[in-house]
Amino acid sequence: MEVEKKMGALDRIYEIYDEFSDGLDVACEKACTHCCTTNVMLTTLEGYQIVGHLTAAGKPAVIEQLADLSALKRYQPQVSTNRLAELVAADAKVPPEDPAEPLAPCPLLKDKLCTIYDLRPFGCRCFFSRHNCAETGFADIDDFTASVNTVFLQVIEHLDQAGCSGNLIDVLQVLASENHRQDYENGALKCETHQLIENWPLKVLMIPPEHRKRMEPLLEQLRKIKA
Ligand code: SF4
Ligand code: SF4
């Protein structure tokens, strides 16, 4: 599938999610940035879209600055969401994850605002809390929204199943290289070489039984997307 078509499908997925999240009762507001850290994950499709837009807008410096952060401690996932779903469904051993602490602010944050807000990946779009995280020290999200977020992560990974996932710092740096962008377009990007993990096709949807009926209208919209 061509990357352009995949990006069109990604935009539609974001749109469906934004319509869903508009109705959430959350404490999130502009310039609230405790959730903007160096632990943001995304797929290569999302990274490809972000880098492409920034380059076209004459803002390559936003990406170039990430090279200085290569030594920064950050969360680098061991297993993708779809792979995790399969392992859990098979009752198999799940590799341990090592979340990076303490967290540093996201390098794309400037004056308490996201410099790529309209382009931000799903990992940022789905971060909500019913209470201000600064007061509680953690995000508080209802179970159904957490299930919706997982399904959307799975669908986006499936769309980019020939690609990789990883930390925002790693993914954007890799895709800032024209050679790597071409490798990605040709389905030839080597995930491991770049500290990324392989994406996996969606085989098992992680939806708890009590959320299946309520989730159906969203699934119906996602099924209609033509990529
Ligand atoms: S998730 Fe927490 S830190 Fe992020 S915008 Fe919402 S309340 Fe603020
Ligand atoms: S990309 Fe933007 S929204 Fe996402 S963590 Fe960084 S500053 Fe926050």
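This one's a predicted model, so the numbers in the text were calculated from it and none came from an experiment. Along the sequence shown, residues are numbered consecutively beginning with 1. Read the numbers this way: they start at 1 and go in the same order the structure lists the ligands and their atoms.
- With hydrogens left out, the protein atom closest to atom 4 (Fe) of ligand 1 is Cys35 SG, 2.3 Å, a heavy atom.
- Checked against a 6.0 Å centroid threshold, the rings of Phe20 and Tyr17 count as neighbours.
- Atom 6 (Fe) of ligand 1 has Cys28 SG, 2.3 Å as its closest protein atom, hydrogens excluded (heavy atom only).
- For ligand 2 and Val40, the ligand atoms under 4.0 Å from any heavy atom of the residue are 5 (S).
- Considering only non-hydrogen protein atoms, atom 1 (S) of ligand 1 sits nearest to Phe127 CD2, 3.5 Å.
- For atom 3 (S) of ligand 2, the nearest non-hydrogen atom from the set Cys124, Gly123, Pro121 comes from Cys124.
- Not a single N, O or S atom of Cys106, from either the backbone or the side chain, sits less than 2.8 Å from atom 2 (Fe) of ligand 2.
- Atoms of ligand 1 found under 4.0 Å from any heavy atom of Cys133, numbered from 1 in the order shown, are 1 (S), 2 (Fe), 3 (S), 7 (S).
- Stacking of Arg214 on the aromatic ring of Phe144 is recorded, both the 6.0 Å distance cut-off and the 45° axial limit being met.
- Side-chain contact, Asp11 with Gln49: a donor N or O sits under 3.5 Å from an acceptor N or O.
- In this model, no donor atom of one side chain and acceptor atom of the other lie less than 3.5 Å apart for His131 and Thr136.
- When only modelled atom types and interatomic distance are considered, Gln161 and Asn199 share no side-chain donor-acceptor pair under 3.5 Å.
- Distances from atom 8 (Fe) of ligand 1 show that Cys32 has an N/O/S atom below 2.8 Å.
- When hydrophobic clusters are built by joining Ile, Leu, Val, Met, Phe, Trp and Tyr residues whose side-chain heavy atoms come closer than 4.5 Å, directly or via intermediates, Phe127 is not grouped with Ile169.
- In terms of protein heavy-atom proximity, atom 8 (Fe) of ligand 2 is closest to Cys36 SG, 2.3 Å.
- At a threshold of 4.0 Å, the pair Glu216-Arg223 counts as salt-bridged, since one of the basic side-chain nitrogens sits closer than that to a carboxylate oxygen.
- Protein heavy atom at the shortest distance from atom 2 (Fe) of ligand 2 is Cys114 SG, 2.3 Å.
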